[in-house]
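Scroll down for the structure; my scribbles are underneath it.
Read the numbers this way: they start at 1 and go in the same order the structure lists the ligands and their atoms.
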Amino acid sequence: MKKVWQECIECHSTYYADIIKYRCDCGGLLEVRMDLESLGDVSWDKFRSRKFNVWRYFELLPFEGYNRVVSLDEGGTPLYKCEKLADWLGARDLYVKYEGMNPTGSFKDRGMCIGITKALKLGAKGVACASTGNTAASLAAYSAKAGIPCIVMVPKQAVALGKLFQAMLYGAKVVRLEGTFDEALNLVWKVAEEVGAYLLNSINPWRLEGQKTVAFETVDQLGRVPGYVALPVGNCGNIAAAWKGFREMEAVGLINERPSMVGIQSEGASPFVDLVKEGLATLKPVEKPSTIASAIRIGRPVNWKKALLAVKESDGLVAKVSDNEIIEAQRMLASLEGIGVEPAAAASVAGVKKLIESGDMDANDTIVCICTGSMLKDPSPELIKGLESIDVMPNPELVRNLFAYLLSRRS
Ligand SMILES: *Cc1c(COP(=O)(O)O)cnc(C)c1O
Ligand SMILES: [Zn+2]
């Protein structure tokens, strides 16, 4: 039997695995813990005999058996070696883990398969979340698969159209709030507990159990531990989840090195980066977060204490990038490597470029950028602006001349 429980990251009080709780009685964040001795035989050979998705690493997931597992075949995303992108930003050995290849187009699916499976185990009558878009899309899809009612609350006018469409098409009840994401999360959290809906924001520690598999896959694919793992940071869950994955691999003997975790935020929404850089004792929220990267447009990240531990324990780095730097990185990823990502996902690449230029990051080490979501999520006019297309009349002569001209141009 696997021994699994929930534990406060601050006072280390423990709670049963099947108690619904989003914070410790002391107010601290909860983490899912497992007695690593109780997991049975864990080895790369065993993992690699299975299909390449989140469930390949079943021994390290907090469930006993596979029955009633809700899955859309999430995870198993490509790790691309990017030589041209490396040249552009001055790195020697650069990889992109492309999370846009998940079923709903973002890494959120890694966590939702676990979160919804847990919701069913707990007998929840419904699930809910606040979202900047991707959590809503993912929760909606997994709720549909599981056949459980789903309510998502998004900040009105601040969600990428593709994400909103996903949530509606998958059949979630979509509620648009006249307010920010941070306000939405506060409200949903409070009300969900009152009406008995299971909250599946990243404050829910079970979701992070799925998201930690990005670390397993990265080592599985690379065959070694990279020097740096860079991620965009919004509510601070994913960087903490990835770090938990590395720590657990180390604890069970699958790896014997650690990467440095690198957290990137946007200039207009950088409370976590400021916290680390200025060595503040507590997070100073950003009341009106603003950035083109809507997935990380968050001013009051709930998981900041977990993310801070991740950066500190891993001897990590942080950086903030401008919207222009994000758009530039998005265009370079696409035009040099054929990797289409949404703005938040491009922030990891923009941040790595900045950290190499400043000399804070060792350009000779292996760098993995986690590119968290697909470009198809967000075709907003400001992202298309400046990209080219040409109109032509249906005249063969014109079209021939045009093609000849276009082929003769260098780029
Ligand atoms: C959710 C999300 C993030 C931020 O992850 P956190 O866990 O909130 O820090 C980054 N990029 C994309 C595309 C996302 O959907
Ligand atoms: Zn506590």
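- Atoms of ligand 1 found under 4.0 Å from any heavy atom of C236 (numbered from 1 in listed order, with element): 6 (P), 8 (O), 9 (O).
- A salt bridge does not link E209 with K118: every distance from a Lys NZ or Arg NE/NH1/NH2 to an Asp or Glu carboxylate oxygen is 4.0 Å or more.
- Considering backbone and side-chain N/O of K108, one or more are found under 3.5 Å from N/O of ligand 1.
- Of the N or O atoms in G237, one or more lie within a sub-3.5 Å distance of an N or O in ligand 1.
- In summary, E325 and K353 do not engage in a salt bridge, as defined by a charged side-chain N under 4.0 Å from a carboxylate O.
- Salt-bridge check for D73 with K51: passed, with a basic side-chain N closer than 4.0 Å to an acidic carboxylate O.
- In this structure a side-chain-to-backbone donor-acceptor pair under 3.5 Å is missing from S143 to C150.
- Ion pairing of R110 with E99 is present here, as a side-chain N (NZ or NE/NH1/NH2) and a carboxylate O approach within less than 4.0 Å.
- Checked by atom type and distance alone, the side chain of S260 never pairs as donor or acceptor with a backbone atom of Y228 at under 3.5 Å.
- Ion pair E248/K212 flagged as a salt bridge, since at least one NZ, NE, NH1 or NH2 atom sits closer than 4.0 Å to an Asp/Glu carboxylate oxygen.
- One finds a salt bridge joining E388 and R409 here, because a Lys/Arg side-chain nitrogen approaches an Asp/Glu carboxylate oxygen to under 4.0 Å.
- Where the criterion is an N or O separation shorter than 3.5 Å, residue side chain and backbone included, G234 meets it with respect to ligand 1.
- Less than 4.0 angstrom separates some heavy atom of P232 from each of these atoms of ligand 1: 10 (C), 11 (N).
- With waters left out, the protein N, O or S atoms under 2.8 Å from the Zn ion (ligand 2) add up to 4.
- Proximity of A345 to ligand 1 is not established, as no heavy-atom distance is less than 4.0 Å.
- Aromatic ring orientation, F63 versus W206: parallel (interplanar angle below 30°, classes split at 30° and 60°).
- Neither the backbone nor the side chain of T135 has any atom closer than 4.0 Å to an atom of ligand 1 (non-hydrogen atoms only).
- In terms of polar-atom proximity, defined here as any N/O pair under 3.5 Å, T372 does make such a contact with ligand 1.
- Contacts between N238 and ligand 1, counted as non-hydrogen atom pairs separated by less than 4.0 Å, involve both the backbone and the side chain.
- Relative ring orientation between F47 and W44 is described as perpendicular, the plane-to-plane angle rising above 60° on a 0-90° scale split at 30° and 60°.
- For ligand 1, the polar-atom distance check against A344 finds no nitrogen or oxygen pair separated by under 3.5 Å.
- Using a distance-only test at 3.5 Å, with no hydrogens or angles considered, a donor-acceptor pair links the side chain of Q265 to the main chain of V233.
- For ligand 1, the atoms sitting less than 4.0 Å from at least one non-hydrogen atom of N235 are 6 (P), 8 (O), 9 (O), numbered in the order shown with element in parentheses.
- At most 12 non-hydrogen atoms from other residues, nucleotides or ligands lie less than 6.0 angstrom from CZ of R68.
- For atom 5 (O) of ligand 1, the closest non-hydrogen atom of the protein is F107 CZ, 3.5 Å.
- Polar contact check, E342 against ligand 1: no nitrogen or oxygen pair lies under 3.5 Å apart.
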